[in-house]
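Below, all heavy atoms of this structure are taken into account, side chains as well, without hydrogens, waters or symmetry copies. Here is the naming used below: chain letters follow the sequence lines, and residue numbers restart at 1 for every chain.
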Amino acid sequence: MAEERSLNFIEQIVDNDIKNGVNSGRVQTRFPPEPNGYLHIGHAKAICMDFDIARRFGGVCNLRFDDTNPAKEDTEYVDSIMEDIKWLGYQWGNVYYASDYFDQLYDLAIRFIKEGKAYVDEQTAEQIAEQKGTPTQPGIESPYRNRPIEENLALFEKMNSGEIPEGAMVLRAKIDMANSNMHFRDPIMYRIITSHPHHRTGTKWKAYPMYDFAHGQSDYFEGVTHSICTLEFVVHRPLYDWFIDQFADSDYRPHQYEFNRLNITYTVMSKRKMLQLVKEGVVAGWDDPRMPTICGLRRRGYTPQAIHDFISRIGYTKVEGVIDVGLLEHCCRENLKANTPRVMAIMKPIKLIVDNYPEGQTEQLIIENNPDNPELGTREITFSRELYIERDDYMPDAPKSFFRLTEGREVRLKGAYIVRCTGADTDQYGNVTAVHCEFIPNTKTGEADCNRKVKSTINWVNIANAAEAQVRLYDRLFTDENPGIYEGDFHDLLNPESLQIVNGVKVEACLANAKPGDKFQFQKIGYFCVDPDSENGKTIFNRTVSLKDNNYK
RNA sequence: UGUCUAAUGGUGUAAUGGUAGCACAUCUGAUUUUGGUUCAGCCAGUCGAGGUUCGAGUCCUCGUUAGACAACCA
């Protein structure tokens, strides 16, 4: 690659840190998902950042599950997260869990108490919230703030032994109730959770650390140098640094950097809303092809390459914006274009009878799988007197701008003859039941008259050996460009036509053997991927993305 | 009426004090055995006002606008 894109702002920081010998010039990152949902394309952006920084600067990226809230977390998610990261093409150095550090964090909390930097508060959540103040008003101190150290120690131990019920007490850092940064107003370090066992430690612990008391410490324990996250954590950074400064015993420090999270038009990128869509059955599951989850995109037919291309094009900055979903689709087409066979599928079939082609006769034609990529080879298709074509490819009394079949007009049947339309049969209601045509001899590829000019080439499949398929046409889940910021109920914005199922689609015989995950271009229609729901004899195709919009239709 | 973060074509991003460039989208024309692709072209931008400088998108000041933050979530 001759042209090298410029470094993004975080890569520049890492580059400078190495030059300046910060943390001995070491680079260590981590991807820290909470195992409480499936990864989505926003996570993919973070994954690419964390892993690519490590790869590019000769460091390591570890996987760390931020599992400090047993009420929300589950091993189901751990497994899917690992699968999705691997699918994107990355391999972590080590797998860590924040829960691995529960002992260390507990000891650290005790140290904070002993140093007079933490206290047990037994007010209700509401009282604590009230005393927190507002951004423009300082908070007020808890009446328990100056409890003797020995009492704090004893109560904290009880918080974790099960003697104190959930919600009755918390451990708070004693910092500054008037700080302009709300996160410094005596943040909660530990809370009690007894209603849900932890997915790894079971019921061993009753008190669990909060994010702010766990994340930075975990980074420190592991030796992370660059702790990269999204912009909403900017306000947490001073606290991240503060906690570490209280106990760090060397010059080494992890540093947090933040980039803009990914928003895409016509979709939501919040785990909470996605979970809601799944639970309410609005979509069929986390891997529903309409979901922006990694597994959803995979099932939809997106490739890791397409996702990487997309991520590299959108870049990393500190500006919050919304990416046009059209860019994602562009990257997908771009990747699939040369890598998928192009086949013929007829969505709304109507019979085409070639009246001057002998009844009972067939011929095998050789057709390229992808004219843009000869490596994909060729295949055989069967031509005969009776074919299926798209109903929309015939129009009686068509205007001049219609390039396809109408009485007297000629089109090419893709990979076969040029035919002239001679008319159509209609039923008693005037509906077209079959189209008639005559083929023009010597117009097949390579034959004498093959260069005869026609306005259009249309798709067809042979009736006798066509395979039948179900096609699932997916569209955007929301009708609004930015459903994420809609103030009302987001159900209002759901697109009722986000899934359209088409049965009775006629496809080339060769597709009868297609396997889940196989990808094709249905010529003139779009890119399709075989769905795992397919059964023997009933192939289901998901539309990954349509071809760019036609001028006509 | 707090703190923090940011502001470059419609959208996303680059230019690291020295020619404002790229991509997507839109539109136009050519090519095409996909009304796809490809190729060529058009349109279109530094939030505002001062200042520093030979020179400012970039540095400084003051505005304006937008977003984040007041979970026992992460």
Engineer: Return yes when atom NZ of Lys273(A) has more than 12 non-hydrogen atoms of other residues, nucleotides or ligands closer than 6.0 Å, and no otherwise.
Structural biologist: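 For Lys273(A), atom NZ is crowded (more than 12 foreign heavy atoms under 6.0 Å).
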Engineer: Could you give all pairs that pass the salt bridge (charged side-chain N to carboxylate O under 4.0 Å, His left out) test and reach residues 130-141 of chain A, with sequence neighbours left out?
Structural biologist: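 The answer is Glu141(A)-Arg145(A).
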Engineer: From the options Glu258(A), His183(A), Gln256(A), select the one residue that forms a side-chain hydrogen bond (donor to acceptor under 3.5 Å, both in side chains) with Arg237(A).
Structural biologist: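 For Arg237(A), the side-chain hydrogen bond (donor to acceptor under 3.5 Å, both in side chains) check succeeds only for Glu258(A).
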Engineer: Take atom C1' in A66(B) and the same atom in G48(B), then report the distance between them in whole Å.
Structural biologist: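 Rounded to whole Å, the distance is 15 Å.
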Engineer: Near RNA chain B, counting only heavy atoms under 4.0 Å, which residues of residues 444-452 of chain A show up?
Structural biologist: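 Hits under 4.0 Å, by residue number: Lys444(A), Thr445(A).
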Engineer: Of the residues in residues 156-173 of chain A, which ones touch RNA chain B at a heavy-atom distance under 4.0 Å?
Structural biologist: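 Correct list: Gly167(A), Val170(A).
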Engineer: Between Phe156(A) and Tyr106(A), is the gap from one ring center to the other below 6.0 Å?
Structural biologist: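 Judged by ring-centre distance (under 6.0 Å), Phe156(A) and Tyr106(A) do meet the cut-off.
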Engineer: In whole Å, measure the gap between the C1' atoms of U16(B) and C59(B) for me.
Structural biologist: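 Their C1' atoms lie roughly 12 Å apart.
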Engineer: Looking at A70(B), A14(B), G12(B), which one has an atom nearest to any side-chain atom of Ile314(A)?
Structural biologist: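 Of A70(B), A14(B), G12(B), G12(B) is nearest to the side chain of Ile314(A).
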Engineer: Is it the case that the base of U34(B) and the side chain of Arg342(A) share a donor-acceptor contact (distance under 3.5 Å, atom types as modelled)?
Structural biologist: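 Side chain to base: pair present.
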Engineer: Which value, in whole Å, describes the distance between the P atoms of nucleotides U64(B) and C73(B)?
Structural biologist: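 That atom pair is separated by 38 Å.
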Engineer: Do Tyr240(A) and His236(A) have ring centroids that are under 6.0 Å from one another?
Structural biologist: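 No, the ring centres sit 6.0 Å or more apart.
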Engineer: Just grab all the salt bridge (charged side-chain N to carboxylate O under 4.0 Å, His left out) pairs involving residues 307-322 of chain A, residues at least two apart or on different chains.
Structural biologist: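 Qualifying pairs, neighbours excluded: Asp309(A)-Arg313(A).
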Engineer: Could I get the full list of salt bridge (charged side-chain N to carboxylate O under 4.0 Å, His left out) partners for Glu368(A), not counting sequence neighbours?
Structural biologist: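 Glu368(A): no salt bridge (charged side-chain N to carboxylate O under 4.0 Å, His left out) contacts found.
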Engineer: Apply ring pair (Phe, Tyr, Trp, His ring centres under 6.0 Å) to Tyr266(A) and list each qualifying residue two or more places apart in sequence or on a separate chain.
Structural biologist: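 Here no residue qualifies.
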Engineer: Please evaluate the base of U34(B) for a donor-acceptor partner in the side chain of Gln521(A) within a cut-off of under 3.5 Å?
Structural biologist: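 Indeed, a donor on one side and an acceptor on the other fall under 3.5 Å apart.
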Engineer: Between U46(B) and U58(B), how many Å separate the two P atoms, rounded to a whole number?
Structural biologist: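 13 Å, rounded to whole Å.
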Engineer: Of Thr317(A) and Ile525(A), whose nearest nucleotide on RNA chain B comes first from the 5' end?
Structural biologist: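 Its nucleotide being nearer the 5' end, the pick is Thr317(A).
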Engineer: Given side chains that start at C-beta, do those of Tyr208(A) and Arg191(A) come closer than 4.5 Å, heavy atoms only?
Structural biologist: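 Side chain of Tyr208(A) against side chain of Arg191(A), heavy atoms only: contact under 4.5 Å found.
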Engineer: Closest approach to the side chain of Leu327(A), judged atom by atom: which nucleotide of A23(B), G35(B), A14(B) is it?
Structural biologist: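 Out of A23(B), G35(B), A14(B), the nucleotide with an atom closest to Leu327(A)'s side chain is A23(B).
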Engineer: Nearest to the side chain of Phe233(A) - G35(B), A74(B), A25(B)?
Structural biologist: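 Selected nucleotide (nearest to the side chain): A74(B).
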Engineer: Please evaluate the base of A74(B) for a donor-acceptor partner in the side chain of His236(A) within a cut-off of under 3.5 Å?
Structural biologist: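 Checked by distance alone, the answer is yes.
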Engineer: With P as the reference atom in both, quote the distance from A25(B) to U37(B) in angstrom, rounded to an integer.
Structural biologist: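 One P to the other, the span is 9 Å.
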Engineer: Can you list everything that forms a side chain to side chain donor-acceptor pair (under 3.5 Å) with Asp241(A)? Sequence neighbours excluded, please.
Structural biologist: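 Once residues adjacent in sequence are excluded, Asp241(A) has no partner under the side chain to side chain donor-acceptor pair (under 3.5 Å) criterion.
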Engineer: Where does RNA chain B pair, written as one dot-bracket string 5' to 3', with Watson-Crick or G-U pairs under 3.5 Å, ( ) inside the strand, [ ] for crossing pairs and | for another strand?
Structural biologist: .((((((..((((....[..))))..((((.......)))).....(((((..]....))))))))))).....
Engineer: Please table the atom pairs, donor to acceptor, closer than 3.5 Å between any side-chain atom in residues 323-330 of chain A and protein atoms at least two apart or in another chain.
Structural biologist:
residue	atom	partner	partner atom	Å
Asp324(A)	OD1	Gly326(A)	N	2.8

Engineer: How would you list, by chain and number, every residue that makes a ring pair (Phe, Tyr, Trp, His ring centres under 6.0 Å) with His199(A), sequence neighbours excluded?
Structural biologist: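 Scan of His199(A) (ring pair (Phe, Tyr, Trp, His ring centres under 6.0 Å), adjacent residues dropped) gives none.
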Engineer: Using a strict heavy-atom distance below 4.0 Å, which residues from residues 29-36 of chain A are in contact with RNA chain B?
Structural biologist: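 Of all residues in residues 29-36 of chain A, the ones placing a heavy atom under 4.0 Å from RNA chain B are Glu34(A).
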Engineer: List in numerical order all residues of residues 185-193 of chain A for which some heavy atom is under 4.0 Å away from an atom belonging to RNA chain B.
Structural biologist: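 Result for residues 185-193 of chain A: Ile188(A), Arg191(A), sorted by number.
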